[in-house]
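Presented below is the structure to which this report refers.
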Number of protein chains: 2
Amino acid sequence: MEPIEIFKALSNETRLNILQWLKEPEKHFPKVSIEGGVCVGDIQEKAKTSQSTVSHYLTMMQKAGLLESFRHGQWTYYKIKEETVHQIASFLVSDTQNE
Amino acid sequence: MEPIEIFKALSNETRLNILQWLKEPEKHFPKVSIEGGVCVGDIQEKAKTSQSTVSHYLTMMQKAGLLESFRHGQWTYYKIKEETVHQIASFLVSDTQNE
DNA sequence: ATGATATATCGGATTATCTCGATATGTCAA
DNA sequence: TTGACATATCGAGATAATCCGATATATCAT
């Protein structure tokens, strides 16, 4: 877990919205895959921004460990990685660190 | 609480270090004020960066609500605002939001 | 194979962040 | 009231983030 990469990923309104939406995908998207993922197009539509930007954002959030993706046919689905979200929240409130 | 401002403030190694240090000031600094604050000069020394940069960073973190400051004589002391840190951690793990 | 659809990547113009040295302000001691 | 010290603010050059349209790639249906 790289806290700085995670915080950078969260420093943008659109990306922060995406994270929040994907916490409860059934509540925010018309269709959700069996595994709980949402396809890029549906995220793009809700985020109201360009296809390339959303794709870029999702990749960035995945690299930070906030999301994971899997492909079914021609669709790529993204879902939240709860583990990382909980880890970064714990990191924030913990008070043991080096030097 | 403005999550994006907070995450921006945490998106930098020096600033993130400062936050972590100020979680346990007695552990990381030679002297700590009665109120639990640390003066800018001591933070600068430990952060190993310029005076103007540290001052700027501390101001930014204060505006984000992560730190609070008070002055005694010619020294300005900064300490953590635990409340905000806990709030942003809760925000991350909560799953109730608008729209 | 071909065209349609979904997503990813590229290139780049614009805007923001980083970080510094210089300078201003504020406080204390002599 | 002057000089020394602590901190804040200013201005700017370097670097990075933002966000788009264009294009590439991958998959599916025909």
Side-chain angles (χ1 to χ4, degrees), chain A residues 2-19 21-22 25 29-35 37-64 66-79, chain B residues 2-19 21-22 25 29-35 37-64 66-79:
Chain A
E2 275 301 329
I4 292 179
E5 288 313 300
I6 292 173
F7 291 132
K8 277 186 188 167
L10 298 173
S11 297
N12 172 281
E13 191 172 6
T14 301
R15 292 193 299 261
L16 191 55
N17 282 337
I18 292 171
L19 187 86
W21 295 334
L22 291 181
F29 296 96
K31 43 193 157 65
V32 178
S33 81
I34 327 98
E35 300 94 333
V38 179
C39 71
V40 178
D42 287 355
I43 297 172
Q44 180 197 348
E45 184 179 6
K46 194 167 177 66
K48 291 185 175 54
T49 183
S50 76
Q51 188 271 322
S52 58
T53 297
V54 168
S55 178
H56 180 211
Y57 284 180
L58 293 170
T59 300
M60 177 182 323
M61 294 174 77
Q62 183 181 22
K63 282 183 179 160
L66 288 166
L67 304 181
E68 60 189 321
S69 74
F70 38 90
R71 195 156 200 181
H72 280 173
Q74 48 192 330
W75 291 274
T76 305
Y77 295 89
Y78 284 87
K79 66 174 291 193
Chain B
E2 276 299 330
I4 290 178
E5 288 312 302
I6 293 173
F7 291 131
K8 277 185 188 170
L10 297 173
S11 297
N12 173 280
E13 191 173 5
T14 301
R15 294 192 298 264
L16 191 55
N17 282 336
I18 292 171
L19 187 87
W21 296 336
L22 290 180
F29 296 98
K31 42 197 158 61
V32 178
S33 82
I34 328 98
E35 300 94 333
V38 179
C39 72
V40 179
D42 288 354
I43 297 173
Q44 181 198 347
E45 185 179 4
K46 193 168 177 65
K48 291 185 174 53
T49 183
S50 76
Q51 188 272 321
S52 59
T53 297
V54 168
S55 178
H56 180 210
Y57 283 179
L58 292 169
T59 300
M60 179 182 322
M61 292 174 78
Q62 183 181 23
K63 281 182 179 160
L66 289 167
L67 304 181
E68 59 188 321
S69 75
F70 38 89
R71 194 156 201 182
H72 281 171
Q74 49 192 330
W75 290 274
T76 305
Y77 296 88
Y78 283 88
K79 66 174 292 194

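Each chain gets a letter, A, B and so on, in the order the sequences are listed, and its residues count up from 1.
- Rounded to whole angstrom, the span from the CZ atom of B:Arg71 across to the P atom of D:dT7 amounts to 8 Å.
- Listed pair B:Thr53 / C:dT19 fails the phosphate criterion, with no side-chain N or O lying under 4.0 Å from OP1 or OP2.
- Atoms CD (A:Gln62) and P (C:dT7) sit 14 Å apart, rounded to a whole Å.
- At the heavy-atom level, A:Tyr78 lies under 4.0 Å from the strands shown only through sugar-phosphate atoms.
- Summarising the geometry, the separation between CG on B:Leu58 and P on D:dT9 is reported as 12 Å, rounded to the nearest angstrom.
- Comparing A:Lys48 and A:Lys8 by the nucleotide of DNA chain D whose heavy atom lies nearest to each, the residue mapping closer to the 5' end is A:Lys8.
- The phosphate of C:dC18 (OP1 or OP2) has a side-chain N or O of B:Asn12 nearer than 4.0 angstrom.
- Summarising the geometry, the separation between CG on A:Asn17 and P on D:dC19 is reported as 12 Å, rounded to the nearest angstrom.
- Rounded to a whole Å, the CH2 atom of B:Trp75 is 11 Å from the C1' atom of C:dA29.
- Side-chain contact annotation: A:Thr14 with A:Thr49, donor-acceptor N/O pair under 3.5 Å absent.
- Per the geometry, CG belonging to A:Leu16 stands 18 Å off P belonging to D:dA17, to the nearest Å.
- Counting only heavy atoms from C-beta on, B:Ser50 has its side chain closest to C:dC20 among C:dC20, C:dA8, C:dC18.
- The number of heavy-atom neighbours closer than 6.0 Å to CD of A:Glu35, taken from other residues, nucleotides and ligands shown, is above 12.
- Judged purely by atom type and a 3.5 angstrom limit, B:Arg15 has no side-chain atom pairing as donor or acceptor with the backbone of B:Tyr57.
- Set against C:dC18, C:dG26, C:dT7, the side chain of B:Tyr57 has C:dC18 as its closest nucleotide.
- You'll find a donor-acceptor pair under 3.5 Å spanning the side chain of B:Gln51 and the base of D:dA8, going by distance alone.
- One interatomic measurement links the two molecules: CD of B:Gln44 to C1' of D:dT7, which rounds to 10 Å at whole-angstrom precision.
- When the nucleotides C:dA6, C:dC28, C:dT17 are ranked by their closest atom to the side chain of A:Gln74, C:dA6 comes out on top.
- Taking only side-chain atoms of B:Arg15, from C-beta outward, the nucleotide of C:dC18, D:dC19, D:dT7 with the closest atom is C:dC18.
- In this structure, B:Leu22 and B:Ile18 have side chains that are in contact, with non-hydrogen atoms separated by less than 4.5 Å.
- If you check C:dT19, D:dT7, D:dC20 against the side chain of A:Thr49, the one that comes closest is D:dC20.
- Between B:Ser52 and the phosphate of D:dT9, there is no side-chain N or O to OP1/OP2 separation shorter than 4.0 Å.
- In this structure, the OH atom of B:Tyr77 is 14 Å from the P atom of C:dT27, given to the nearest Å.
- Under the 3.5 Å distance criterion, with hydrogens and angles disregarded, no donor-acceptor pair is assigned to the side chains of B:Ser55 and B:Ser52.
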